[in-house]
Amino acid sequence: MYSLWRFILKHHFVILFVLLEVVSILLLARSQNYHRNRMVNTTSDAVGQMYAWSSELSDYFRLNKTNRQLAEENAWLRQQLSITNDTTQITYDILERDTIYEYIPARVVNNSIGQVNNYIIIDKGKVDGIEPDMGVISSDGIVGVVADVSRHYASILSLLHSNSVVGVRFKNSQELGSLKWGTSNYRYGLVEDIPTHVIMHEGDTVLTSAYSFIYPEDLMVGTVVDTRPVNSGALNTAKIRFATDFATLRYVYVIRNMHKSELDSLKANFR
Amino acid sequence: MNRTALHIFRFIGLVLLQVLVINHVRLGGYVHPYIYLLFVMMLPIYMPGWQLLMLGFSTGLTIDLFTGTPGLHAGATTFLALCRPAIIRLISGTQKFESIHEPNLNQLDGVWFLRYTIACVFVHHFSLFFLESFSFHLFGQIMLRIVLSVPISVFLIMILLFIFKSNKKGVER
């Protein structure tokens, strides 16, 4: 026992190093699975608060651009409204259908695009009704999925994350694929698992598919910029340009699916 | 000013500078400068090893809290803390530091400090990006990141050092 103690004392520097390094790697490995990536709520709140203060300042420098984006979105929504006003039938349709999706506006207080795994922090949390696994969109396109929620803040697993997978659909051909980041550039992503018979062109629009429980159908994802036939295997890959500009993201909407508990209980039956 | 207070002040300053400013500077997606390791570099030369490791670990963990990457910066900074005594020995050769409490530009020359900074930044960035690639299989891009980020980090750290050098009482960050 004494010699063990002597050994520990003699090599305490290296032993402590190994210990700390093992703790780090365990933490890192654990965080790879984003469902277990739950930060301590109070800590996340404190960090969120700090980012909120700093972003309040930097927001002033972007008011111009933010205003323009909001105005463009308003114009688009007004246009949609005028279309539905024209045809009474569609209005009826909308009124009779239940509202499935609720949109909760939120402000981005921190955002990274340069890491291998990027997260976005927004200033809405549990008290505002945000829950993990809700989809997040901007006025331009989809952004990511809520990963973790604290009282007043939430962290979003952005599309720019190595674990991010989204079911998408080509607007023209209706064919499905799955979107991953795959490039380390924040403007581009890869749509994988495309059957080889699908003909793709540059500029084709990619939308969210109907099979996603996170995003509503037909939300803008991006446009095809490059198609690469892959020799091995029977599936193609397309490079797309994200509709969302992650570098200038300021305001987002969190989507609450009103039918989620229903869908979840149905899905639970399959297990 | 009390030395401990100085270190705490430098710690807070560097962490804030890193997470609120430097992390938001976007230079083409591959350049990720890190300057917070200056805190570990500036710790007393003859500090007990275990203190050095613990401080390195907690510095990294603080950064991790903000970037949402638990363990990544903590691992890299702990490794830097492990290597620091060896780096100082290698660079200084026979030079002794009896009169010098902690590395600073007022008592050590610029060339020594540049070599010290390059060695520390390289060790830190290499282990940081290596830890990242270990989990994400993007080795080619990781090497590119190291090649592009190290010079920028060294540059920024040297600038910080020279900005805060002028104060002879040593109230540098």
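Every chain is numbered from 1, with letters handed out A, B, ... down the list of sequences.
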Task: Heavy atoms of other groups near B:Met54 CE, more than 12 under 6.0 Å - done: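 Counting neighbours around CE of B:Met54, 12 or fewer heavy atoms of other residues, nucleotides or ligands fall under 6.0 Å, so no.
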Open item on the list: Under 4.5 Å from any heavy atom of chain B, what part of A:Phe17 do you find: side chain, backbone, both or neither?
Closed with: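 Both parts, backbone and side chain.
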Task: Which portion of A:Val23 sits near chain B, non-hydrogen atoms under 4.5 angstrom - done: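 Looking at A:Val23, just its side chain touches chain B.
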Separation of [Y] [atom2] from [X] [atom1] (nearest 0.5 Å):
{"X": "A:Asn110", "Y": "B:Leu20", "atom1": "CG", "atom2": "CG", "value": "8.5 Å"}
{"X": "A:Glu21", "Y": "B:Leu131", "atom1": "CD", "atom2": "CG", "value": "6.5 Å"}
{"X": "A:Ile25", "Y": "B:Leu72", "atom1": "CD1", "atom2": "CG", "value": "10.5 Å"}
{"X": "A:Leu20", "Y": "B:Phe57", "atom1": "CG", "atom2": "CZ", "value": "5.5 Å"}
{"X": "B:Leu82", "Y": "A:Leu16", "atom1": "CG", "atom2": "CG", "value": "10.0 Å"}

Open item on the list: Tell me which of these, B:Ala76, B:Gly49, B:Ala81, B:Pro48, has more heavy-atom pairs under 4.5 Å with chain A than the rest.
Closed with: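 Heavy-atom pairs under 4.5 Å are most numerous for B:Gly49.
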- [ ] Go through B:Gly71, B:Gly60, B:Gly56 and name the one with the most non-hydrogen pairs under 4.5 angstrom from chain A.
- [x]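 Most heavy-atom pairs under 4.5 Å with chain A: B:Gly71.
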Open item on the list: Between B:Leu61 and A:Leu27, is there a side-chain heavy-atom distance shorter than 4.5 Å?
Closed with: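 Touching, per the 4.5 Å side-chain cut-off.
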